Amino acid sequence: MRRKQLQAALAALAITASGALMTGTAEAATPLQELVPQPVQVQPRTDITFTLTASAKIQLTTPDARKPAERLAEILRPSTGFQLPITDGITGDGIVLTSGADPKTGQEGYQLDVTPNQVIIRANTTAGHFNGTATLRQLLPPKSEARTKQPGPWQVPGASILDHPRYQHRGAMLDVSRHFFTPDQVKRYIDQTAAFKINYFHLHLSDDQGWRLEIKSWPDLTRIGGSTEVGGRTGKLYYTQEQYKDLVTYAQNRGITVIPEFDMPGHTNAAQASYAELNCDGKKRPLYTGTDVGFSSLCISKEITYKFIEDVVREVSAITPGPYFHIGGDEALSTPDADYVTFMNRVLPIVKKYGKTTAGWHEFIKTTTDTALVPQFWGTTRSDANVAAAAQRGNKVLMSPANRVYLDMKYNKNTKLGLDWAGLVEVRDAYSWNPGAYLNGVTETSIRDVEAPLWTETIRTSADIEYMAFPRLPVAAELGWSSAATHNWDRFAPRLGAQGPRWKLQGINYYASTQVPWKK
């Protein structure tokens, strides 16, 4: 009898920060064991099941929860067929979004408690409620993600969850310059990233092959520079400022902040093809539709260059509520070192003037000692003296090592899409590194973020985006959210594989890696 009681007690113990479910049986996995990213603490309640019914409401006691509630209802109404009205105050059964979370949850964490009649999500901020509702989505059956009515029941296993992120900034980047993607395509990817608690969306808006955002004071940037892409397709391949503002709002309504990037002083051929005065010889460059890098540079010595940059920063900052402006700064191979320093000494104060914090690819950090600025490491080595020095001064580093989290790297030699200059990156390769102990001289306390960039030299469609991003984007989300103590491939791979049925219902064209045990 005592042995049976002990087994029952063990079965009810928590899924702790180690990520392991401590049970005395070999029962089939439940949704509590399939969450990505792994929560900090999960306490199963095997005696409880919540069922969402047609009479359920989404009930709020704080205005911070309204946008998350609206997004949750938008997702669940088509699949369940339920009205799921959003009401103020707790009035009965359903989903409750309220305040008063444990202080340990911080600014982005949450508590989620499943009772027989309610799922209660407590959070201290809107961000926390977005993250709590993202977890609830994974606790519901995969068919809850369908866009057409499905048969129930809509059950959630009993549990108490306390959760908060490892890093405050977890990002995805999409290059819309090599190949242009429509607003609807970008929105589709934003939705997919939000499901895994990504909270920053970095848009690479200019490069040699295309300038993708209307600048009203320099209209030829899009009329000329936004007219083509890799491979030579032509057309109106850019966003108006109204379209960009709509994308920013769309992302905000999913708990995501947009970071605009305009690469400089290199990667600028589209601008140099649009305006002759940006070139030292005063002649326009031909439009470029190839994939080489490092050949272009703005004219560092001309004052018009800095008027141009200030106009771009001013107009874009005015329609970007987020705190960051990304200036690129990478692969400026045609810019002499002294000119590069001169350029950054002029540009960094411009960004600050318009109320933004500069982020940039890590090369730029060698030109400044300002600890507020954010270098984004994209290298393939474990050492970078300039980044280490910046970290030791107090800069917070975004981690995007190309041989780990560049989503455009091929999975294997037979992958038809992508590149391989940084190596082949299978799913386990993308998982098997520690952002807080990867770069020499850069410790856990110096890491701001893990961001997964997707460059698009070979990416042309939403299906292409999905094939390269899934399942590696959720891998990056796990590394950015979950404690390093949880990182164990043998435990993570089944949790990742459990996402397969959900992705199929959503129509996501994911890569079914043989390294992952995919749930049927």
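The analysis underlying the following values was restricted to heavy atoms, covering all of them including side chains, and did not include hydrogens, waters or symmetry mates. Given the structure is predicted, the values throughout are model-derived calculations rather than measurements.
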- Message: Within the structure provided, determine whether N403 and M409 are in side-chain contact (heavy-atom separation under 4.5 Å).
- Response: no
- Please round to the nearest 0.5 Å and tell me the distance separating atom OG1 of T335 and atom CD of E363. 11.5 Å
- Query: Could you give the distance from CG (L417) to CD (E457), rounded to the nearest 0.5 Å?
  - Reply: 12.0 Å
- Item | Residue pair H362 / Q376, side-chain heavy-atom distance below 4.5 Å | no
- Answer yes or no for K245 and Y250: cation-pi contact, defined as NZ/CZ to six-membered ring centre under 6.0 Å and angle to ring axis within 45°. no
- Task: State which residues pass side chain to side chain contact (heavy atoms under 4.5 Å, CB included) with T369; sequence neighbours excluded, sorted by chain then number.
- Result: R393
- From E331 atom CD to H267 atom NE2, the distance as rounded to the nearest 0.5 Å: 4.0 Å
- Query: Considering only heavy atoms from C-beta outward, does the side chain of S296 approach that of Q272 to under 4.5 Å?
  - Reply: yes
- Message: Tell me if the aromatic rings of H169 and W481 count as close, with their centers under 6.0 Å from one another.
- Response: no
- Query: Is there a side-chain contact between S206 and R212, using heavy atoms and a 4.5 Å cut-off?
  - Reply: no
- Message: With a 4.0 Å cut-off on N to O distance, would you call E426 and R472 a salt bridge?
- Response: no
- Message: With salt bridge (charged side-chain N to carboxylate O under 4.0 Å, His left out) as the criterion, how do R188 and D184 come out once you've worked through the C-alpha distance, each side chain's angles and the decisive distance to 0.1 Å?
- Response: CA-CA 6 Å; R188 179 175 173 84; D184 284 345; over 6 Å; no
- With a 3.5 Å cut-off and no angle check, do the side chains of T456 and D175 form a donor-acceptor pair? yes
- Atom NZ of K67 and atom OG1 of T126: how far apart are they, to the nearest 0.5 Å? 10.0 Å
- Does the side chain of F364 come within less than 4.5 Å of V374's, by heavy atoms? no
- Query: Out of T61, T133, T62, which one pairs with L97 under the side-chain contact (heavy atoms from CB on, under 4.5 Å) rule?
  - Reply: T133
- Item | Y467 vs Y511, ring pair (Phe, Tyr, Trp, His ring centres under 6.0 Å): CA-CA, chis, key distance, verdict | CA-CA 5 Å; Y467 189 79; Y511 164 63; 5.6 Å; yes
- Query: Partners of E444 by salt bridge (Lys or Arg N to Asp or Glu O under 4.0 Å), sequence neighbours excluded?
  - Reply: R166
- Donor-acceptor pair, side chain of K366 and main chain of A385, under 3.5 angstrom: no
- Message: Among residues at least two apart in sequence or on other chains, which ones pass salt bridge (Lys or Arg N to Asp or Glu O under 4.0 Å) with D113?
- Response: R122
- Message: Between T320 and V316 (side chain of the first, backbone of the second, donor and acceptor by atom type, cut-off under 3.5 Å), is there such a pair?
- Response: yes
- Task: Drop me the distance from I319's CD1 to E242's CD, to the nearest 0.5 angstrom.
- Result: 8.0 Å
- Message: If I take atom CG from residue L174 and atom CD1 from residue I190, how far apart are they, to the nearest 0.5 angstrom?
- Response: 9.0 Å
- Query: Can you tell me if Q38 and E478 form a side-chain donor-acceptor pair at under 3.5 Å?
  - Reply: no
- Query: When the aromatic ring centroids of W518 and Y510 are compared, is their separation below 6.0 Å?
  - Reply: yes
- Query: Hey, is the main chain of T445 close enough, under 3.5 Å, to the side chain of K396 for a donor-acceptor pair?
  - Reply: yes
- Using a 4.5 Å cut-off on heavy atoms from C-beta on, say whether the side chain of T367 contacts that of F343. no
- Lys/Arg N to Asp/Glu carboxylate O, R495 vs E34, below 4.0 Å: no
- Message: We want to know whether D330 and W378 form a side-chain donor-acceptor pair, criterion being a heavy-atom distance below 3.5 angstrom.
- Response: no
- Query: Can R170 and D449 be counted as an ion pair, charged N to O under 4.0 angstrom?
  - Reply: no
- Message: Closer than 3.5 angstrom, by distance alone: can the side chain of T458 be matched with the main-chain N or O of G418 as a donor-acceptor pair?
- Response: yes
Show which side-chain atoms of residues 345-352 pair as donor or acceptor with protein atoms under 3.5 Å away, not counting sequence neighbours.
from	atom 1	to	atom 2	distance (Å)
N345	ND2	V341	O	3.3
R346	NH1	E303	OE1	3.4
R346	NH2	E303	OE2	2.6

- Query: Do any N or O atoms from the side chain of Q515 and from the backbone of R428 form a donor-acceptor pair under 3.5 angstrom?
  - Reply: yes
- Query: Cut-off 3.5 Å, side chains only: do Y189 and E466 have a donor facing an acceptor?
  - Reply: no
- Can you check whether M264's main-chain N or O pairs, donor with acceptor, with T268's side chain at less than 3.5 Å? no
- Ring center gap for Y431 and F492 short of 6.0 angstrom: yes
- Item | Y238 vs Y244, ring pair (Phe, Tyr, Trp, His ring centres under 6.0 Å): CA-CA, chis, key distance, verdict | CA-CA 10 Å; Y238 63 89; Y244 173 79; over 10 Å; no
- Query: Between I259, V186, L247, T257, which is the residue that forms a side-chain contact (heavy atoms from CB on, under 4.5 Å) with F201?
  - Reply: V186
- Who are the side chain to side chain donor-acceptor pair (under 3.5 Å) partners of D464, not counting sequence neighbours? T461
- Item | Whether Y411 side chain and M468 backbone form a donor-acceptor pair below 3.5 Å | yes
- Per the side-chain hydrogen bond (donor to acceptor under 3.5 Å, both in side chains) rule, which among N199, N124, T125 passes with E108? N199
- Message: Which heavy atom of Y406 sits nearest to which heavy atom of S400, and what is that distance?
- Response: CE1-O, 3.4 Å
- Query: For the rings on F470 and W503, is their centre-to-centre separation under 6.0 Å?
  - Reply: yes
- Message: Suppose the criterion is salt bridge (charged side-chain N to carboxylate O under 4.0 Å, His left out): which pairs have a residue in residues 189-198, not counting sequence neighbours?
- Response: R71-D191, D191-R254
- Item | No-hydrogen, no-angle side-chain donor-acceptor test under 3.5 Å, Q111 and T105 | no
- Query: At their closest point, which heavy atom of A195 faces which heavy atom of A134, and how far apart are they?
  - Reply: O-CB, 4.0 Å
- Query: Is any side-chain N of the basic residue among E145 and R137 closer than 4.0 Å to the acidic one's carboxylate O?
  - Reply: yes
- Query: Does some side-chain heavy atom of F180 sit less than 4.5 Å from a side-chain heavy atom of Y239?
  - Reply: yes
- Message: Whether the side chain of Q185 engages the backbone of T182 through a donor-acceptor N/O pair (distance < 3.5 Å, no angle test) should be reported.
- Response: yes
- Is a side-chain donor-acceptor pair under 3.5 Å present for T381 with S383? no
- Looking only at atom types and distance, does a side-chain atom of R404 sit under 3.5 Å from a main-chain N or O of W433, one as donor and one as acceptor? no
- Item | Centroid separation Y110 to F130 less than 6.0 Å | no
- Query: Okay, side chain of D420, backbone of K410: is any donor-acceptor separation there less than 3.5 Å?
  - Reply: no
- Query: Within a strict 4.5 Å, meaning less than it, do heavy atoms of the L473 and T193 side chains meet?
  - Reply: yes
- Message: If we check ring pair (Phe, Tyr, Trp, His ring centres under 6.0 Å) with W455, which of these qualifies: H179, H202, H204?
- Response: H204
- Message: For the residue pair E261 / W361, report whether a side-chain donor-acceptor contact shorter than 3.5 Å exists.
- Response: yes
